[in-house]
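Here is the structure we will look at, set down as structure tokens.
Residue numbers start from 1 in every chain, and the chains themselves are labelled A, B, ... in the order their sequence lines are given, proteins ahead of strands. All values below were derived from every heavy atom in this structure, side-chain atoms included, with hydrogens, water molecules and symmetry-related copies excluded.
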Amino acid sequence: MKITFPDNSSREYQPGITAADIAKDISQGLAKRALAAKVNDELVDLNRPINQDAGLRIITFDDEEGKLIFWHSSAHLMASAIMRLFPQTKLAIGPAVPDDFAARFYYDLDLDHKLTEKDLELIEAEMAKIVAEDRPFVRSEKPRQAALAEFNRDNDLYKAEIAGEVEGETVSFYTHGDFIDMCRGPHVPSTGKIKAFKLLSVAGAYWRGDEKNKMLQRIYGVSFPDKQLLAEHLEKIEQAKLRDHRLLGKNLDLFSINDEVGPGLVLWHPKGALIRHIIEGFWKDAHIANGYELVYTPHIARLELWDRSGHLGFYKENMFKPIEIENQNYQLKPMNCPFHIQIYKARKHSYRDLPYRWAELGTVYRFERSGVLHGLPRVRGFTQDDAHVFCRPDQLQDELIGLLDFNLFFLETFGFDKYNTYLSTRPEHSVGSDESWARATEALKNALEKRGLPYQIDPGEGVFYGPKIDVKIKDNLGRFWQCTTIQVDFNLPEKFDVTYTAEDGSEKRAIMIHRALLGSIERFFGILIEQYGGAFPVWLAPIQVIILPVVDEVNDYAEHVAQMLRGAAIRVETDKRSQKIGYKIREAENLKIPYMLIVGKKEEAEHTVSVRRHKLGDIGVVAVETVSAEILQKIKTKSLD
RNA sequence: GCCGGAGUAGCUCAGGUGGUAGAGCAGCUGAUUUGUAAUCAGCUGGUCGGGGGUUCGAUUCCCUUCUCCGGCUCCA
């Protein structure tokens, strides 16, 4: 029979041969690295016989599928160790998690004993034994009904629930050593393949992710085919910790969240506030330059406004309680849109004047459940870089395309050039006619396609009033963050009777687009801190330059240089303390100030400065004008280096 | 909200089987005049997260509450 490989080459083999044998026939190296096989389009174990002509790809850890198989097998390995140590454990589910950054596996367990860090070490030690035993993974099959009966007999309720739902009349099991688990597979050949692993954490997780269900214990782990890869992965995790915006926010004195003020409420310290000011200034200028007008709206409004908008009906649980004053209820705003609608309704509008693009950095308050608060990304008060476009149906397409371009301009300015785009369709709980949802979804889709942006459909993930496009940006560590959302809305215009006067004098319904590009200023700031590791590019750095005099005698010259730069609108400070230069440099490096200008008697005499760049080190001695021009150029171009 | 863990000086942490705590850094004062990542000395600084209980006595034991951390769920 003929086996065809991915490069379209082929070889002849006897029927019944396994992928493992074929891998060995190709090369010893491949045989060693082989984890599983893809026969035609099906992932199978290496030892499954191939009986007819087929396409074959040997799967290794380098393949995405290979990693998932490897981690899935690791979950089995971990479960087998747990069953040896805690035989009373009921196993729930143990998959691999595909994620660019947080790649890992877990197993959800039901056991009375509360697992601790210490237990993780015990489990790791037991896993190491099972790896040393090099137990092969062996597949077997059973009629589904028989398996179901056994699970019910053994009171293995989680497996029974899964067995009750899988398709087909047989289910497969994988055994290694004395451990058996129902599993679709495939798996790596044997436990000996899993040479390097680490259990990361234990946490609660609801069965099937439903908070009505029982809370199980979940152990997360990572594993790799060799120790080097594991070490690299753990190093990556350590690096991420150093970039954590909560840590940097404290160390660089950017912001704080204070217990006495309240959880999820951000205090912007001067340096953080300055960065925010620059971002917001850039944002406003760019909006005005792109045909937007700025508006401001209050922080509270009559409760009835939110009832009419539908927010009360859909998000009451996540809104702060109303404030009662003079027998009237007022609501702290969770959204800006009803206000913008009221601005629109302040007068009549001609079809000639549309579209209106109204933008506001609007601070909203949402009651987030206590357990979900997290640094800057998840807070109770935050500022949306919001805008609403009111347009005619015939303008919708162009508006959306313009928005996509405008958005990418923003993201790229901050150095985000990789992103995933999603189109979210109608959710279960929503308002409006099927027809308007179809139109809105179609409009978003067309815009994406006209702009040639690849996207994934996120079924049922739209907002109650309309479908949306979401953009998740990828940061320097490969993590994705949701920022942009662009939502088409036929519903609020309906509820608030938003119209314009058409050419023929009739009143026609306007269409609204809701959009936030950076999302929340707080969250975006958090993302930026992590993206840059606290070392902001020159245009954003709160202190762009620090002058470091070597001895007190040149303090006047240092101040003179500072004044020159300040005159060019560069943010500069001078460190005139009687400290050794190494001390001042160390401090400036820790503050991640992009330019350190060291001046001593030599520089004073020559009217020069010795330039040191953050992380790059000593650059050399240049004229003040030279470095000033360089810095101004970087600011002007919003350079990222 | 749920599961688990943790709250000691501004920060990072040590300590104590119940007798009111200690270091480094930061801050302050002084000395030092220094050439590319930490000069030296002295001083200040804590109701040991809050409240309640047990006790002669609680930072330590118990209860409760708040906040944070790792997750789950949720996120207009």
Side-chain angles (χ1 to χ4, degrees), chain A residues 102 106 108 114-117 200-220 244 246-247 250-251 253 256-264 306 309-319 333-338 364 366-375 377-380 382 384 386 427 429-430 461-466 468 482 485 487 489 492 514 516 519-520 523 548-555 577-590 596-603 610-615 617-621:
Chain A
Y106 66 83
D108 282 352
K114 299 208 186 314
L115 292 163
T116 63
E117 296 286 316
L200 299 170
S201 61
V202 54
Y206 298 106
W207 166 236
R208 304 230 130 162
D210 187 335
E211 62 181 324
K212 292 187 198 74
N213 290 341
K214 182 167 183 183
M215 176 74 66
L216 308 173
Q217 298 189 72
R218 172 176 297 180
I219 300 179
Y220 281 105
D244 190 313
R246 293 167 299 184
L247 180 74
K250 189 185 285 177
N251 291 346
D253 199 16
S256 62
I257 295 171
N258 175 288
D259 204 7
E260 265 185 85
V261 172
W306 306 103
S309 71
H311 289 102
L312 200 55
F314 279 87
Y315 299 108
K316 192 169 185 223
E317 297 307 309
N318 291 300
M319 285 158 67
K333 69 172 167 183
M335 285 289 270
N336 303 302
C337 34
V364 298
R366 298 178 181 179
F367 178 72
E368 300 284 1
R369 298 210 285 178
S370 58
V372 306
L373 298 173
H374 177 94
R378 201 69 189 273
V379 288
R380 286 186 175 153
F382 62 95
Q384 292 182 311
D386 209 358
H429 298 288
S430 52
E461 290 302 311
V463 192
F464 76 86
Y465 50 71
K468 61 174 179 171
Q482 150 95 55
T485 185
Q487 308 164 349
D489 182 0
L492 286 182
H514 309 243
S520 136
R523 176 204 273 150
L548 307 177
V550 178
V551 291
D552 289 352
E553 288 152 274
V554 295
N555 279 354
R577 294 173 303 175
S578 301
Q579 287 288 358
K580 291 172 73 170
I581 193 67
Y583 179 89
K584 297 184 187 181
I585 286 169
R586 179 182 156 80
E587 201 154 283
E589 286 283 356
N590 285 339
M596 286 154 274
L597 304 184
I598 293 150
V599 295
K601 289 177 185 163
K602 211 164 51 192
E603 285 79 7
S610 174
V611 180
R612 182 185 167 103
R613 293 282 310 275
H614 172 63
K615 277 196 178 153
D618 195 352
I619 300 294
V621 175

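- A:S578 contributes atom OG, which lies 11.5 Å from atom OH of A:Y583 (distance to the nearest 0.5 angstrom).
- Between the CG atom of A:L247 and the C1' atom of B:C68 there is a distance of 14 Å, given to the nearest Å.
- A distance of 11.0 Å separates CZ of A:R218 from CH2 of A:W207, quoted to the nearest 0.5 Å.
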So which protein N/O to nucleotides 40-43 of chain B N/O distances come out below 3.5 Å?
none

Given side chain to side chain contact (heavy atoms under 4.5 Å, CB included), test A:W306 with A:K333 step by step and report yes or no. CA-CA 9 Å; A:W306 306 103; A:K333 69 172 167 183; 3.6 Å; yes
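- The ring of A:Y315 lies on top of the base of B:A76, close enough and flat enough: under 5.5 Å between centres, under 30° between planes.
- Each of B:C72, B:U67, B:C68 was ranked by its minimum atom distance to the side chain of A:L373; first place goes to B:C68.
- Base pairing analysis places B:U60 opposite nothing; no Watson-Crick or G-U wobble pair with both distances below 3.5 Å involves it.
- Side chain of A:R246, nearest nucleotide from B:C2, B:G70, B:C68: B:G70.
- Using a 4.0 Å heavy-atom cutoff across all strands shown, A:N590 reaches at least one base atom of the nucleic acid.
- At a threshold of 4.0 angstrom between heavy atoms, the contacts of A:F314 with the nucleic acid are absent.
- When the C1' atom of B:C75 is taken as reference, atom CD of A:Q482 falls 10 Å away, rounded to whole Å.
- The residue among A:Q217 and A:K602 whose nearest nucleotide of RNA chain B is located toward the 5' end is A:Q217.
- For the atom pair CD of A:E589 and NZ of A:K584, the computed distance is 15.0 Å after rounding to the nearest 0.5 Å.
- The separation of B:U8 from B:U47, taken at their C1' atoms, amounts to 13 Å, rounded to a whole angstrom.
- Going from atom CZ of A:R208 over to atom C1' of B:C74 covers 20 Å, rounded to whole Å.
- Look at B:A31: its Watson-Crick or wobble partner, with both distances under 3.5 angstrom, is B:U39.
- Residues that satisfy the salt bridge (charged side-chain N to carboxylate O under 4.0 Å, His left out) test with A:R378, not counting sequence neighbours, are A:E368.
- Counting any heavy atom pair closer than 4.0 Å across all strands shown, A:S201 reaches sugar-phosphate atoms only and no base atom.
- A:V551 comes within contact range of at least one nucleobase, with a heavy-atom separation under 4.0 Å.
- Residues passing the salt bridge (charged side-chain N to carboxylate O under 4.0 Å, His left out) test with A:D244 are A:R246, sequence neighbours excluded.
- Within the nucleic acid shown, A:K601 comes within 4.0 Å of at least one base atom, counting heavy atoms only.
- Just one of A:M319, A:R380, A:M335 meets the side-chain contact (heavy atoms from CB on, under 4.5 Å) condition when paired with A:R366; it is A:M335.
- Across all strands, A:E117 comes closer than 4.0 Å to no nucleic acid atom at all (heavy-atom distances).
- Base engagement by A:G600 is indicated by at least one non-hydrogen atom pair under 4.0 Å involving a base atom.
- B:G24 and B:U60 have their C1' atoms separated by 25 Å, with the value rounded to a whole Å.
- Nucleotides B:C40 and B:G35 have their P atoms positioned 15 Å apart, rounded to a whole Å.
- In this structure, the nucleotide among B:G35, B:U67, B:C75 sitting nearest to the side chain of A:D259 is B:U67.
- Regarding contacts with the backbone of B:U32, every side-chain N or O of A:Y583 stays at 4.0 angstrom or more from both OP1 and OP2.
- Look at the C1' atom in both B:C74 and B:A58: the space between them is 40 Å, to the nearest Å.
- Judged by Watson-Crick or G-U wobble contacts below 3.5 Å, the nucleotide B:C2 has B:G71 as its partner.
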Residues A:L492, A:H514; criterion side chain to side chain contact (heavy atoms under 4.5 Å, CB included); working and verdict: CA-CA 10 Å; A:L492 286 182; A:H514 309 243; 3.6 Å; yes
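- Across all non-hydrogen atoms, the minimal contact from A:V463 to A:Y315 is CG1-OH, 4.0 Å.
- Distances were taken from every side-chain heavy atom of A:P263 (C-beta onward) to each of B:G70, B:C68, B:G35; the shortest belongs to B:C68.
- Here the CD1 atom belonging to A:I598 is positioned 6.5 Å from the CG atom belonging to A:D618, to the nearest 0.5 angstrom.
- Using Watson-Crick or G-U wobble geometry with both donor-acceptor distances under 3.5 Å, B:U47 finds no partner in any strand shown.
- Nucleotides B:U55 and B:G49 have their P atoms positioned 23 Å apart, rounded to a whole Å.
- A 3.5 Å limit on both hydrogen-bonding distances identifies no Watson-Crick or G-U partner for B:U20.
- One interatomic measurement links the two molecules: CD1 of A:I585 to P of B:U34, which rounds to 15 Å at whole-angstrom precision.
- Counting only heavy atoms from C-beta on, A:R586 has its side chain closest to B:A37 among B:A37, B:G35, B:C75.
- Within the 4.0 Å cut-off from OP1 or OP2 of B:G71, not a single side-chain nitrogen or oxygen of A:H374 is found.
- Of the candidate nucleotides B:C72, B:A76, B:A37, B:C72 has the atom nearest to the side chain of A:Y206.
- Comparing atom distances between the A:I598 side chain and each of B:G70, B:G35, B:U32 picks out B:G35 as nearest.
- Under 3.5 Å, the side chain of A:E603 and the base of B:G35 form at least one donor-acceptor pair of N or O atoms.
- B:G19 sits 26 Å from B:G5 when the P atoms are compared, rounded to a whole Å.
- Out of B:U34, B:A76, B:C72, the shortest distance to the side chain of A:M215 is found at B:C72.
- Across all strands, A:R218 comes closer than 4.0 Å only to sugar-phosphate atoms, never to a base (heavy-atom distances).
- A donor N or O paired with an acceptor N or O is found under 3.5 Å between the base of B:C75 and the side-chain atoms of A:R378.
- Remark: the separation of the C1' atoms in B:U20 and B:A41 is 30 Å, to the nearest Å.
- Atom CD of residue A:E603 and atom CG of residue A:L597 lie 10.0 Å apart, to the nearest 0.5 angstrom.
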Can you list the steps and then say if A:R577 with A:E587 is a side chain to side chain contact (heavy atoms under 4.5 Å, CB included)? CA-CA 12 Å; A:R577 294 173 303 175; A:E587 201 154 283; 2.6 Å; yes
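- Put simply, NZ on A:K584 is 12 Å from P on B:U39, counting in whole angstrom units.
- Summary of the strand contacts: A:K250 and A:Y220 both lie near RNA chain B, and taking for each the nucleotide with the nearest heavy atom, the more 5' one is attributed to A:K250.
- Nucleic acid contact for A:A203: base, since at least one base atom lies under 4.0 Å from a heavy atom of the residue.
- Taking atom C1' in both B:A26 and B:A38, one finds a spacing of 13 Å when rounded to whole Å.
- Rounded to an integer number of Å, the gap from CG of A:L548 to P of B:A37 is 12 Å.
- Among the heavy atoms of the strands lying under 4.0 Å from A:G582 are primed sugar atoms or P, OP1, OP2 only; no base atom is included.
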